[in-house]
Amino acid sequence: MKKMLPILLIVLGIGGGAGAGLMLRPAPQDMVSIDPCGDGTAVADAGHASEEAHPPEEDAEPVEREYVKMNNQFIIPVVTDEKIGALVVMSISLEVDIGGQQQVYAREPKLRDAFLQVMFDHANVGGFQGAFTNSNNLDVLRSGLLNVAKKVLGPMVSDVLITDIARQDA
């Protein structure tokens with residue numbers, strides 16, 4: 001079993017890297033986009049959409065937040081009977097003030113360390129056992145992650161989003 005863990009981690013890392021590469025690749029320039037409103041109108045170049053088709057709403061609030069996806073997934077071992085019983089893989093994004101992306105990436109090592117500590121503590125109290133996707137379990141985890149994110153980055157962080165979560169039992 002001890003020989004399987006490094007192989008499993010390598011496979012998870014390669015799969016995560018390939019998945020991230022596919023998700024982050026740029027869209028082809030010559031594609032025709034379809035109007036998201038569903039009225040059947042297509043725009044030849046999505047970057048030059050007509051202002052007349054969708055006039056800005058005057059009552060709409062300006063977007064004051066942006067989302068920053070953490071570069072790598074988090075891998076948390078779940079220890080049972082002094083052995084690794086499962087691995088939990090998570091992807092996280094942060095909701096921050098506009099322009100806060102560079103600050104998040106500049107403090108990412110400290111932020112990852114703090115997030116991992118919260119996740120390890122959550123795993124040690126049984127947060128990833130049983131129905132680990134229960135909203136109560138995830139709310140406790142999100143709350144802990146938000147608290148440490150605010151300690152590291154300050155009030156610019158308004159929310160922590162768990163975008164992917166999976167558990168692989170050993």
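Note that the structure is predicted; figures quoted are calculated from it, not measured.
- Judged by distance alone, with hydrogens and angles left aside, the side-chain atoms of E66 form a donor-acceptor pair with the main-chain N or O of G100 at under 3.5 Å.
- V118 is not connected to V140 by any chain of hydrophobic side-chain contacts under 4.5 Å among Ile, Leu, Val, Met, Phe, Trp and Tyr, and they are in different clusters.
- With values rounded to the nearest 0.5 angstrom, D113 atom CG is found 12.0 Å from E108 atom CD.
- Listed for the D81 side chain is no donor-acceptor partner under 3.5 Å among the backbone atoms of K83.
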- Worked check of side chain to side chain contact (heavy atoms under 4.5 Å, CB included) between M119 and V88: CA-CA 10 Å; M119 291 178 206; V88 174; over 6 Å; no
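- For the residue pair Q73/D164, the side-chain donor-acceptor check at 3.5 Å is not satisfied.
- Between V104 and V96, the shortest heavy-atom contact is CG2-CG1, 3.9 Å.
- Considering all non-hydrogen atoms of both residues, R65 and V157 come closest at NH2-C, 3.8 Å.
- Between the R112 side chain and the N72 main chain, a donor and an acceptor come within less than 3.5 Å of each other.
- The shortest heavy-atom contact between V160 and A149 is CG2-CB, 4.3 Å.
- Hydrophobic clustering, with ILVMFWY side chains joined whenever heavy atoms are under 4.5 angstrom apart, keeps I165 apart from L161.
- In this structure, CD1 in I75 is found 12.0 Å from CD in Q168, a value given to the nearest 0.5 Å.
- R167 places no side-chain N or O within 3.5 Å of a backbone atom of F132 that could act as its donor or acceptor partner.
- A distance of 7.0 Å separates CG in L141 from CD1 in I92, rounded to the nearest 0.5 Å.
- One hydrophobic cluster, built from ILVMFWY side chains closer than 4.5 Å, holds both M90 and F115.
- Taking both residues in full, the closest heavy atoms of A123 and P77 are given as CB-O, 4.0 Å, listed atom of the first, atom of the second, then distance.
- Atom CG of residue L145 and atom NE2 of residue H122 lie 9.0 Å apart, to the nearest 0.5 angstrom.
- Under the rule for a side-chain contact (heavy atoms from CB on, under 4.5 Å), the partners of L116 that lie at least two apart in sequence or sit in another chain are F74, F120.
- One finds the CD atom of Q101 at 12.5 Å from the NZ atom of K69 (value rounded to the nearest 0.5 Å).
- Hydrophobic clustering (side-chain heavy atoms under 4.5 Å, transitive across Ile, Leu, Val, Met, Phe, Trp, Tyr) keeps L94 apart from I98.
- With sequence neighbours excluded, the residues satisfying side-chain contact (heavy atoms from CB on, under 4.5 Å) with Q117 are D121.
- Criterion: ILVMFWY side-chain heavy atoms under 4.5 Å apart, direct or through other members. Under it, Y67 and M70 are not part of a common hydrophobic cluster.
- The main-chain N or O of T163 is never found under 3.5 Å from a side-chain atom of S91 such that the two would form a donor-acceptor pair.
- Taking 4.0 Å as the cut-off between side-chain N and carboxylate O, D139 and R142 count as a salt-bridged pair.
- For the side-chain contact (heavy atoms from CB on, under 4.5 Å) with F128, the qualifying choice from L87, I76, N137 is I76, the only one to do so.
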